[in-house]
Every structure is written in structure tokens, then in C-alpha cells.
Number of protein chains: 2
Amino acid sequence: MTTLSPAVEDYLKAIYEIQSEGDQDRVSTSALADCLGVARASVTGMLKKLNAMDPKLVNYIRYRGVQLTPAGEKIALEVLRHHRLIELYLSEALGYSWDEVHQEADNLEHVISEDLEDRIATLLGHPQVDPHGAPIPDRDGNISRREEVQLTQLGIHQPAHISRVSDHDPAMLRYLQELGLTLNAQIEVTEKAPFSGPLHIRLIGTEIVHALGRQVADYIFVTLGSTGRKKS
Amino acid sequence: MTTLSPAVEDYLKAIYEIQSEGDQDRVSTSALADCLGVARASVTGMLKKLNAMDPKLVNYIRYRGVQLTPAGEKIALEVLRHHRLIELYLSEALGYSWDEVHQEADNLEHVISEDLEDRIATLLGHPQVDPHGAPIPDRDGNISRREEVQLTQLGIHQPAHISRVSDHDPAMLRYLQELGLTLNAQIEVTEKAPFSGPLHIRLIGTEIVHALGRQVADYIFVTLGSTGRKKS
DNA sequence: GGACCTAGTTAGGCCAAACTAATTCAAGAG
DNA sequence: CTCTTGAATTAGTTTGGCCTAACTAGGTCC
Ligand SMILES: [Mn+2]
Ligand SMILES: [Mn+2]
Ligand SMILES: [Mn+2]
Ligand SMILES: [Mn+2]
């Protein structure tokens, strides 16, 4: 088990992420290239290598995209655990805001030891979710799946709360923060403009309504009903 | 200022360290090779590159060893600041012991942002020394020089305190810990066996005396007199 | 002064991970 | 069933960082 390079870890993580938020189970070369910011040809090269490794980390078929093998998925989850624990740690212990944590975690995730991982997890009380609401895999690679829907799928006047937001665009996170659309915010959709127009979102218990563009709304996931915690 | 690779940072750091604890100001190829754990030929290759960079990071003359240029020294100090702040942070905030911090810091030092560096420094109250007593350079690369001597140079019955210990050998650090020879311990040398024999070290205020081999003693630096703080 | 040793350098290669440019494939439109 | 086109792959380079093996500069010793 020669230690894997950051590049390999990032590929596996990216495959996992695309796989788990898209519908089809095979991930395309271009989707990966876009996500990682490298040329398609580079992706093809790396996929061949991952496919040829022992143990095989990926199931790759020319022109057909890739899938993670169980071994590959295990590593992806390990990296994801690092990433999300670090994000949470930075925000809890060092006062980072939710738009700042991602970049820093992306570098640190490849470099912390299992020991440091454990200490952080313990110090945080073995948390379940990161600052963007994404579930944190446990040490054995189990990850809790919740029933969430995209905000764009939510029916009119269906009360729900924000349970997860994409962590990739800091500017968008700052924007949502300003609007009060943070994790666990209770909301309902009051109106959906046609032709992919904006969604009108009301913060439950207030008269505040925001009109959100579809691109932004696509990055927000909600769970039906309230958060379980009584409101303060 | 294209971001420097971890390898380059480690070379510069190593040159700085060897330079500042040895007597001669030029660092030899083999000293670097030993310190970094790479082949001599690899060092020659890297030194040529550092010498050819713009800005020039190193002053390298064939067969004559290297020196850091001001630009190179600035980077070395920056990396050293990262390393030492991280070591201290790990021990203060995450309960690491002084023999565990070095390895972890060696990886993290290349990867933290200036922002994280600042937050850690602030959280620790802009500390002056790391867990091994090494001075932490400030943000501008100023480093405080103290008058320390090697324990082996200390005169008989000269009261002194331990002000610094090499961080490179965890086993040795654990050993010293067990003996109570930790940072700021008040000590005196009661006896020096001839022919590079052991030193007898007494913990001041007690009857405890330890016999230390010369190799161990070489890694310990002391400052004359007491630590300035009254004993508790 | 010549032989010898060691530290240091050169030469030549390897591997990982990226790139560009040229080519090939797959799948839908007609 | 063929054509077209965008996605994907191949081919060929580059760069960085390391390696081994072979050679050389310079100091030591007789
Ligand atoms: Mn990453
Ligand atoms: Mn881990
Ligand atoms: Mn390092
Ligand atoms: Mn810095």
C-alpha cells in the first residue's frame, strides 16, 4: 500500500462526488476534466493508470467512462472524511466562515495523518456533517445517506429546511449567507417563475422573501419539514 | 512568484538549518543529501536549479557548497515559521507531545495558507518559541538569536536551563521527557567523564542526577542562569 | 611528485502528471 | 444506412524530482 499521490486522491474524490450527485453511475472523461481543471487527455491517461493499479481503483472502459471499485470508493471516502473534518475544524476552532474553508481543506486533506484525523474527530465530538451540510464518512467509510431534494424540486408551500449547500463557489456562499439562507434555515417556495425563472423563497416565520436564480437554487438541497431542533 | 514546490522549500529550509547550527557558512552537498535523505547527485541537480532561478535563491559554486541568498533565506524563514507554529499549535491545541509534532509539521508546513498561518499565530498569542525551544520567525522573517551553548560546552557547576532541544529524533525526545530533561529544566553539570564519556547532569533543587551520553548531550542547548520565571 | 581516497559532479534514465495536436469513435440526424 | 459532430483517445513533449554508474577535482600521505 504505497502511499497515494495527491493527484490520485483528487481524481478518486472527484469521481465519487460526480457519481453521487449525478444520476448515471458512470462518470465521463470531460466531467472529470472540468471538475479537476485539467485537459481531457490528462484524464484519460490517469484513468488508465487507476484502472491498471493493483488493487484496481477504478473500472474504466474506453469511451464509456469510469466507476469506482470498492477499493477506490474506500479511498475516496477516506479523502472526503479528511476534507470535511478539516472544513468543520477550521470553522469551529479557527473561526473560518463557510466560504473560506473549502480551499484550505482541499490542500490539507492529502497531508494529515490518521492520527491527526482522529484527534480532530474526537475534539469535534465525532460530528456527522460539515459546515455545508455534507455528511462526514466515519472511519470505516460508512456515510449516512439522507433524503434530500434539490430546492428546485421542492413543491410550492412545502415547508422544508436547507440541509446542504455546494461548497465549490465561495462567492455564492457569501451571497447566501447575506440573505440568511444558511444551514437549517426554514423555508418554503412561494412562487416559481416559468421558463427557468427565479424561485421565490420565504424564510418561515418572517415576511422575508428572496428571489433566487435557478443556478443558485440548483446548488441548494433541502429536507422536508423542520430540522428536528425546536427553534430558539 | 510562481508557488514553490515542497521539494524546493525543504531544500532551502535544510540549507538554513545546517548553516545556522554549523560553524562554516557554506553548506556541503553531502550534508544536504544526508539531511534530506536523497542521493548526492540529486542535490547537485537541485542546487543548480536554485542557483539559476530568478530571483536567485542560492549562491552555489561547484565543489564549494551553497549559501542562501537573501531571497532564499526569506523563503527558508517563511517555511520555518510555518513548521514551528504548526508544531506549537499541535501541542497546544491538539494534545500532541513534543516527540510527535515534528513529522506532522513537516508535511503541513508546505500546505497551509498565509491566512491559516496568521490565525494560528494569533490564536497562540504570537509565540516566540516552538515546543523544542526553537525561535519562531515573525511574519517579516526576523528571528531572535539567543546566546545558547551546547550542553557539552557547559562548565562544571554552572547553573543553566535547557533552552532548546533538537526535534529530529522522537525516540530521544521521549527519553529526555522520561528523565525530566524538558524545556526550561534547571540543571548543572556535576561531572564530565573524559574521552567523550557521559555527562552527569543534576536537576537543580533535587538530588536527581542522570548520566547522559555525548551524542544525546550534543542535541541539547542551554542558556546560563535560570529561565527568568520564578519557580512555582 | 605520484598514488589514492573521498566528496562532488556529469551522464543517462525513470516515473508521475501535466500539456497540445492529431486522430478515432459513438451516436444521433437526416 | 451514411454523415456529421462532439467526446474521447493516442501520440508525442515537457517539467520536476529523483535514481545509479561512471568520472573528476583536490587534498593526504609517502
Ligand atoms: Mn485536494
Ligand atoms: Mn484518514
Ligand atoms: Mn517538509
Ligand atoms: Mn507564511
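Order of the sequence lines sets the chain letters (A, B, ...), proteins ahead of strands, with each chain counted from 1.
With rounding to whole Å, B:Leu47 atom CG is found 15 Å from D:dG16 atom C1'. Rounded to an integer number of Å, the gap from OH of A:Tyr60 to C1' of D:dT10 is 10 Å. Rounded to an integer number of Å, the gap from A:Leu36 CG to C:dC19 P is 10 Å. Atom-to-atom, CZ of B:Arg40 to C1' of D:dT24 comes out at 15 Å; the value is rounded to the nearest Å. One atom, CD of B:Glu9, and another, C1' of D:dG17, lie 15 Å apart when rounded to the nearest Å. Protein atom CE of B:Met53 is 8 Å distant from nucleotide atom P of D:dG16, rounded to whole Å. Rounded to an integer number of Å, the gap from NZ of B:Lys48 to P of C:dA11 is 7 Å.
The pair A:Asp115-A:Arg119 meets the salt-bridge criterion, since a charged nitrogen lies less than 4.0 angstrom from a carboxylate oxygen. The pair A:Asp167-A:Arg84 fails the salt-bridge criterion, with no side-chain N (NZ, NE, NH1 or NH2) lying under 4.0 Å from an Asp/Glu carboxylate O.
The two residues A:His110 and A:Pro6 come nearest to each other via the heavy atoms CE1-O, 3.7 Å. Summarising the geometry of A:Ala93 relative to B:Leu123, their closest heavy-atom pair is O-CD1, 3.7 Å, with the distance given to 0.1 Å.
Between A:Ser42 and C:dA18, a side-chain N or O to OP1/OP2 separation shorter than 4.0 Å is absent. Using a 4.0 Å cut-off, no side-chain N or O of A:Thr29 falls inside it from OP1 or OP2 of D:dA7.
Here the side chain of B:Gln153 pairs no donor or acceptor atom with the backbone of B:Gln150 at under 3.5 angstrom. No side-chain donor-acceptor contact under 3.5 Å links A:Asp140 to the backbone of A:Asn142.
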(request) Might you work through the side-chain contact (heavy atoms from CB on, under 4.5 Å) test for A:Leu47 and A:Leu32, ending with a clear yes or no? (result) CA-CA 10 Å; A:Leu47 292 183; A:Leu32 269 173; 4.0 Å; yes

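Between A:His102 and A:His168, the ring planes are tilted. Angles from 30° to 60° get that label.
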Below 3.5 Å is the cut-off: list the nitrogen or oxygen pairs between protein and nucleotides 1-6 of chain D, distance only.
none

Using a cutoff of under 3.5 Å, can you pull out all pairs of nitrogen or oxygen atoms linking the protein to nucleotides 15-17 of chain C, with atom names and distances?
| residue | atom | partner | partner atom | Å |
| --- | --- | --- | --- | --- |
| C:dA17 | OP1 | A:Ser5 | OG | 2.3 |
| C:dA17 | OP2 | A:Lys49 | NZ | 2.8 |

Look for any protein N or O under 3.5 Å of an N or O in nucleotides 23-28 of chain C and output each such pair with its distance, or none.
| residue | atom | partner | partner atom | Å |
| --- | --- | --- | --- | --- |
| C:dC25 | O4' | A:Tyr63 | OH | 3.4 |
| C:dA27 | OP1 | A:Arg64 | NH2 | 3.1 |

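The listed nucleotides are C:dT20, D:dC19, C:dT9; the one nearest the side chain of A:Ala39 is C:dT20.
With sequence neighbours left out, the side chain to side chain contact (heavy atoms under 4.5 Å, CB included) criterion links B:Asp34 to no other residue. A search for side chain to side chain contact (heavy atoms under 4.5 Å, CB included) contacts involving B:Gln67 returns B:Gln19, B:Asp25, B:Arg26, B:Asn59, not counting sequence neighbours. With sequence neighbours left out, B:Ser20 forms a side chain to side chain contact (heavy atoms under 4.5 Å, CB included) with B:Tyr16, B:Arg145.
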